[in-house]
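So the structure is just underneath, and the comments pick up after that.
Everything numeric in this text was worked out from a predicted model, so none of it was measured. In this chain, residues are counted from 1 in sequence order.
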Amino acid sequence: MLPRHQDPIAAIATAPGRGAVGIVRLSGRGLATLMPALLGRSLRPRHAHYGPFLAADGTALDHGLALWFPAPHSYTGEDVLELQAHGGPVLLQLLLARCLQAAQETDPASGRPRLPGLRLAQPGEFTERAFLNGKLDLAQAEAVADLIDASTEAAARSASRSLSGAFSQAVQTLRDDLVQLRMLVEATLDFPEEDIDFLQQSDAAGQLQRLQARLDEVLARTRQGALLREGMQVVIAGQPNAGKSSLLNALAGAELAIVTPIAGTTRDVVQQTIQIEGVPLHIIDTAGLRDGAAVDEVERIGIERAWQRIEAADAVLFVHDLTRAADLGYRQADAAIRERLSSRLPPRVPVLDIWNKADAVEATALPSGADDLPLSAHTGMGLPALRERLLHTVGWSGHTPEGLFSARQRHVDALNRVRAHLQAAQAQLDSPAPALELLAEELRLGHEALGTITGAFGADDLLGVIFSRFCIGK
């Protein structure tokens, strides 16, 4: 632990703004010395006490509940004092300032300041201390932030599962199996006379294959969890007046973008987050793309921004206008834009061809290709099929929230590294003359990659990045 982790800390733990209740939280050693100055009495552990919160002159700043959690039976694993007052922002600031002031006042019994090291907490420092003191592992600590930030019911449920330790347990099971396999390989290295026969008799190859199968299962659930937490960026693109803004409005179920018959109505980016089966999709409407030069400077800037969003997308909906499909010039412009999309997008980013205004043409004019999706943003025809296609495109497999745990892209990346190391280990084990040192090294690297998920192996800079994104009082 760094020296700053030894300091007692204080912060407002509730969200900014007015509310019925607000909480000032303190954590660290020596907090009991503040009780006489702040509350005029000592507190019974883990019981709520109603009474005044005292100013320096002994008058009451407010009346509320005080709770005392002696270490190690607290959220942070340290002594924790929580003051639950009325939720006015000015009052909470006064109460926080009073805590810091009381820490500097002289204790009549000792003649020294009561708690001279008390300072304001940094973002996420309470949860960081819970991690450092072994109350939570790193995956659980991240789940705290995910639960706070959850934008859908499914995301909240999956974050709650991760906070309860479901994800950590899955990772721990993988680590236990990997440790067992490493032990076999290391024993073979320590006793070379056993040679490869020892690994064969212990079914090391079978253990490695079963470990990879379990890893693939966890990885699939982790990808789904990351999708549920972070959502996907879906950009609507196409020529002017193809119905992109109408499609955004239809998907969102609200009139978010201005829709007119005038080409080029949308000049800037319009974004809305929608939910499909609990999966958040960030739908982005962009300015119409032209094959030639923009009409004016404003439209040129809008098109540049459109391409910026397209290149950062996880999926693109390329909207075609069926009422202009017979126009040779329109088809040529569409083809040129489609080719440009293919050249500027990474291969992993799918482009869905959406044929809009299907209600305005004959049924015989509707495209019938497997990758073509006709719809009408005006009537809603084809929207259910589009929603289903979107979920399939972004990789959603329809897991129920009860079967998922909240995960982040770093977890997916870590598991992919583990997978690569296990595949390299498999290649060594399958070779006619396996290099046991290389096999042991691949297993060790896979073990370390697994450890970064829960914090068994993790650099201080990684911890700093994670906890700096928390709110101050958490």
Side-chain angles (χ1 to χ4, degrees), residues 1-15 21-51 53 64-85 92 95-96 98-100 102-103 107 109 114-148 159-169 171-172 406 454-456 458 463 466-467 470-474:
M1 296 177 68
L2 300 175
R4 69 178 179 87
H5 295 136
Q6 309 297 327
D7 299 335
I9 54 175
I12 298 171
T14 41
V21 178
I23 298 175
V24 173
R25 174 182 289 164
L26 300 90
S27 180
R29 300 174 184 170
L31 295 183
T33 61
L34 297 182
M35 292 183 192
L38 294 175
L39 308 170
R41 58 175 170 171
S42 297
L43 301 180
R44 185 180 176 187
R46 291 172 295 283
H47 283 69
H49 299 262
Y50 178 79
F53 302 135
L65 296 178
L67 297 97
W68 168 240
F69 302 93
H73 305 295
S74 69
Y75 177 71
T76 63
E78 303 171 333
D79 292 342
V80 170
L81 177 63
E82 287 196 355
L83 309 178
Q84 301 184 8
L92 293 176
L95 187 55
L96 177 60
R98 173 58 188 144
C99 292
L100 297 173
D107 184 354
R114 287 191 173 92
L115 198 59
L118 183 65
R119 61 172 174 81
L120 292 174
Q122 297 181 8
E125 191 167 0
F126 290 97
T127 304
E128 183 180 15
R129 292 189 178 200
F131 163 71
L132 293 172
N133 290 322
K135 306 296 286 189
L136 302 169
D137 63 34
L138 194 53
Q140 289 175 297
E142 290 172 300
V144 173
D146 294 344
L147 187 58
I148 293 171
S160 180
R161 280 180 53 80
S162 287
L163 181 56
S164 69
F167 184 30
S168 302
Q169 183 57 51
V171 172
Q172 184 60 47
S406 180
T454 57
L463 301 184
I466 290 172
F467 289 107
F470 279 60
C471 51
I472 293 291
K474 203 62 183 176

- Determine, for F126 and R25, whether the Lys NZ or Arg CZ falls below 6.0 Å from the six-membered ring centre while staying within 45 degrees of the axis. yes
- Determine yes or no for a side-chain-to-main-chain donor-acceptor pair under 3.5 angstrom, with Q169 supplying the side chain and A166 the backbone. no
- Query: What are the two closest heavy atoms between S406 and A159, and how far apart are they?
  - Reply: CB-CA, 3.4 Å
- Query: Within a strict 4.5 Å, meaning less than it, do heavy atoms of the L67 and Q84 side chains meet?
  - Reply: yes
- Looking only at heavy atoms, which two atoms of A10 and L26 are closest? And how far apart? CB-CG, 3.8 Å
- Task: Of all the heavy-atom pairs spanning A102 and L38, show the shortest one and how long it is.
- Result: CB-CD2, 4.0 Å
- State, yes or no, whether a side-chain contact exists between L136 and Y75 at a heavy-atom distance under 4.5 Å. yes
- Query: Would a distance-only check, ignoring hydrogens and angles, find a side-chain to backbone donor-acceptor pair under 3.5 Å from H47 to P45?
  - Reply: yes
- Message: Between L43 and M35, does the side-chain contact (heavy atoms from CB on, under 4.5 Å) criterion hold? Intermediate values first, please.
- Response: CA-CA 8 Å; L43 301 180; M35 292 183 192; 4.0 Å; yes
- Query: Counting only N and O atoms by type, is there a donor-acceptor contact under 3.5 Å from the side chain of T127 to the main-chain atoms of G124?
  - Reply: no
- Please report the shortest heavy-atom distance between L65 and F53, naming the atom on each side. O-CZ, 3.5 Å
- Straight-line distance of L163 CG to S168 OG, nearest 0.5 Å: 9.5 Å
- Message: Taking the side chain as everything from C-beta on, heavy atoms only, tell me whether L100 gets closer than 4.5 Å to L120.
- Response: yes
- Query: Say you draw a straight line from CG of L147 to CD of Q140; how long is it, rounded to the nearest 0.5 Å?
  - Reply: 12.5 Å
- Query: Does some side-chain heavy atom of C99 sit less than 4.5 Å from a side-chain heavy atom of L83?
  - Reply: yes
- Message: Measuring only between side-chain heavy atoms, which start at C-beta, is L31 closer than 4.5 Å to L115?
- Response: yes
- Message: Given 3.5 Å as the limit, does a donor-acceptor pair link the side chain of D79 with the main chain of R29, or not?
- Response: no
- Query: Just by distance, do the side chain of N133 and the backbone of T76 share a donor-acceptor pair under 3.5 Å?
  - Reply: yes
- So, do R119 and I9 sit near enough that their side-chain heavy atoms are less than 4.5 Å apart? yes
- Message: Please check this pair: side chain of S164 against backbone of R161, looking for a donor-acceptor N/O pair closer than 3.5 Å.
- Response: yes
- Any R44 side-chain heavy atom under 4.5 Å of W68 side chain: no
- Task: Write down the atom of T454, the atom of D137, and the distance for their closest heavy-atom approach.
- Result: O-CB, 3.4 Å
- Hey, are S27 and E78 close enough side-chain-wise for a donor-acceptor pair under 3.5 Å? yes
- Message: Quick check: closest heavy atoms across S74 and K135, and the distance to 0.1 Å?
- Response: O-CE, 3.1 Å
- To the nearest 0.5 Å, atom CG of L95 lies from atom CD1 of I12 at 8.0 Å
- Item | More than 12 heavy atoms of other groups within 6.0 Å of R41 CZ | yes
